[in-house]
Amino acid sequence: MAGRFPPRPTRTSVRGGHVAVPAGVPRQAPAPARVRTWVPDGPLDLGLVLGPLRRGPGDPTFRALPDGSVWRASLTPAGPGTLRVTGRAGEIRGEAWGPGADWLLERLPEMLGADDDPSAFVPRHKLLALTRHRRPGLRLTRTGLVLESLIPSILEQKVTTGEAYRAWRLLVRKYGEPAPGPAPERMSVMPAPRTWALIPSWEWHRAGVDDKRASTVLRAVRVAARLEEAVGMPPAAAQERLELVSGIGPWTSAETVQRSHGAADAVTVGDLHLPGIVGFALAGDRHADDAVMLSLLEPYAGQRHRAARLILLSGRVPGRRAPRMPYGDIGRL
C-alpha cells in the first residue's frame with residue numbers, strides 16, 4: 001500500500017512541534033480592519049515612542065516601514081492581534097486585525113503616551129533642556145502587557161544585545177503564530193505562556209539561550225497570569241511582584257515596567273553601559289557606577305527614566321576604549 005495514498009498531516013512527537021499544512025491550500029483573505037483615529041494633545045513622534053518596543057532590526061513582532069507606518073503583533077488577553085499605526089497632519093490612525101484588534105485599539109492612546117506627562121520633567125542640565133527641545137515628540141509608551149516585555153528582557157540578561165535579539169527572533173519565529181491580517185512578511189505573534197513552557201531544552205540551546213535564562217523564562221510563564229495582574233499596580237509594586245520570581249532582578253523588572261507601565265521613574269540599575277553614559281553626560285565621569293548615576297539623577301526624582309532616555313538621545317556618550325564584547329553562540333557547542 002506504500003505510496004498509493006498521500007501522507008496525512010500529523011503533529012510531530014517533539015514538544016512544541018507544528019502541524020504540517022498540505023500544499024495548495026489557498027490562504028483566506030484577511031478580515032476588514034477595525035479602525036480608530038486619535039488626536040494627541042501635543043507633538044508625537046511614533047519612532048521615539050514605540051522604538052523601545054523593538055527588539056533588534058529583525059524583531060518578528062515589530063516592523064517600521066519607509067512609509068512611516070509602524071506595525072506591531074501582540075498577544076493580548078483577547079488573543080493575537082496586529083496593529084498598524086500611522087500619523088498624518090497631527091492625527092493618529094490605528095488599524096487592527098485579529099481577535100485582539102478591539103483590545104489594541106482601545107489602548108492605542110495609552111500605548112502612544114496619552115497618560116504620560118512630559119511637562120512634569122524640569123531639566124536641570126543644559127544638555128537635557130536642549131535635547132528635550134530638539135525631541136518634542138518623546139513620550140513614554142504604556143503597552144499594558146507584562147510578559148511581552150519581560151521575556152525579551154530576560155533574554156538580554158548578561159549577554160550582548162546581538163545575542164539576545166537573535167534568540168528572541170529565532171524563538172518567536174519558530175514557536176509564535178503568523179500575525180493576523182495583511183501584516184508584513186514574516187511577522188509573528190509572541191508564543192503563549194504554555195508554548196514557552198513546552199519549548200524543548202535543545203531549542204533554547206540552539207537559540208543561544210543558556211539554562212539560567214531559559215529556566216527564568218519557564219518560571220515566569222508558570223505564573224504568567226499573576227505577573228500580568230501587575231499592570232494594575234503602581235510601577236514600584238509591579239517591580240516587587242516581578243522580582244519574586246527567581247532570576248528576575250532590578251535590571252529586568254525596570255526594563256519591563258518602563259514599557260508595560262510607562263514608568264517615568266524606573267531607572268535601570270545594574271546595566272553595563274548606562275552608568276558611564278549618564279556620568280559622562282552630566283559630570284564628565286565615564287567610570288561612574290550605579291551609586292554615582294543615581295546621585296546624578298536625584299534632581300529628576302519621579303522622572304529619572306525620562307532623564308536617562310533624553311541623555312541617550314542626546315548622543316553625548318563616551319568614546320570606546322576597548323573592543324566590543326565578543327559575540328558568543330552556545331548553539332554551536
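Because the structure is a prediction, the values reported are computed rather than measured.
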Answer yes or no: is there an ion pair linking [X] with [Y], defined by an N-O contact shorter than 4.0 Å?
X: Arg107; Y: Glu110; answer: no
X: Glu203; Y: Lys174; answer: yes
X: Arg166; Y: Glu163; answer: no
X: Glu156; Y: Arg55; answer: yes
X: Glu91; Y: Arg93; answer: no
X: Glu106; Y: Arg36; answer: no
X: Arg306; Y: Asp265; answer: no
X: Glu148; Y: Arg72; answer: yes

Hydrophobic clustering (ILVMFWY, side-chain heavy atoms < 4.5 Å, transitive) - are [Y] and [X] grouped together?
X: Trp196; Y: Leu170; result: no
X: Met190; Y: Leu53; result: no
X: Trp71; Y: Leu112; result: no
X: Ile151; Y: Val245; result: yes
X: Leu296; Y: Ile277; result: yes

Supply the atom-to-atom distance [X] [atom1] to [Y] [atom2], rounded to the nearest 0.5 angstrom.
X: Thr86; Y: Leu65; atom1: OG1; atom2: CG; result: 11.0 Å
X: Met233; Y: Arg241; atom1: CE; atom2: CZ; result: 3.0 Å
X: Arg135; Y: Leu128; atom1: CZ; atom2: CG; result: 13.5 Å
X: Leu171; Y: Leu155; atom1: CG; atom2: CG; result: 6.5 Å
X: Arg139; Y: Met111; atom1: CZ; atom2: CE; result: 13.5 Å
X: Leu272; Y: Trp251; atom1: CG; atom2: CH2; result: 10.5 Å

Without swapping roles, check the side chain of [X] against the backbone of [Y] for a donor-acceptor pair under 3.5 Å.
X: Ser253; Y: Leu242; value: no
X: Thr82; Y: Pro180; value: yes
X: Asp45; Y: Gly137; value: no
X: Arg259; Y: Thr143; value: no
X: Ser295; Y: Ala291; value: no
X: Arg286; Y: Gly319; value: yes
X: Glu228; Y: Leu147; value: yes
X: Ser314; Y: Arg316; value: yes
X: Arg132; Y: Phe121; value: yes
X: Thr252; Y: Ile248; value: no

Looking at every non-hydrogen atom in both residues, tell me the closest pair between [X] and [Y] and how far apart they are.
X: Val257; Y: Ala238; result: CG1-CB, 4.1 Å
X: Pro250; Y: Val269; result: CB-CG2, 3.8 Å
X: Ala266; Y: Gln239; result: CB-OE1, 4.0 Å
X: Ala224; Y: Pro193; result: CB-CG, 3.8 Å
X: Gly247; Y: Gln157; result: O-NE2, 3.1 Å
X: Ser153; Y: Glu255; result: OG-CB, 3.7 Å

Flag the pair [X] / [Y] as yes when at least one side-chain heavy-atom distance between them is below 4.5 Å, and no otherwise.
X: Ile311; Y: Thr131; value: no
X: Val39; Y: Ile92; value: no
X: Leu145; Y: Ser260; value: no
X: Arg213; Y: Val159; value: yes
X: Arg309; Y: Leu140; value: yes
X: Val172; Y: Val189; value: no
X: Glu177; Y: Ser188; value: no
X: Val223; Y: Leu244; value: no

Start with the C-alpha gap between Arg34 and Asp102, add the side-chain angles, then the distance that decides, and say whether side chain to side chain contact (heavy atoms under 4.5 Å, CB included) holds. CA-CA 7 Å; Arg34 297 176 181 263; Asp102 290 336; 2.9 Å; yes
What do the steps show when you test Leu44 against Trp38 for side chain to side chain contact (heavy atoms under 4.5 Å, CB included), and what is the final call? CA-CA 12 Å; Leu44 181 66; Trp38 173 65; 4.0 Å; yes
Under the side chain to side chain contact (heavy atoms under 4.5 Å, CB included) rule, what do Trp168 and Asp59 come out as? Steps first, then yes or no, please. CA-CA 7 Å; Trp168 173 252; Asp59 186 350; 2.9 Å; yes
Distance-only side-chain donor-acceptor flag, His125 / Tyr300, under 3.5 Å: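 Result is yes, a qualifying pair exists.
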Under 3.5 Å, is there a donor-acceptor pair between the Gln258 and Thr268 side chains?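 Per modelled atom types, Gln258 and Thr268 side chains form a pair under 3.5 Å.
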Verdict with supporting geometry, Asp67 and Arg84, salt bridge (charged side-chain N to carboxylate O under 4.0 Å, His left out): CA-CA 12 Å; Asp67 62 1; Arg84 178 180 184 262; 3.5 Å; yes
Go through Phe280 and Val317 one step at a time and tell me if the side chain to side chain contact (heavy atoms under 4.5 Å, CB included) criterion holds. CA-CA 7 Å; Phe280 180 79; Val317 297; 5.6 Å; no
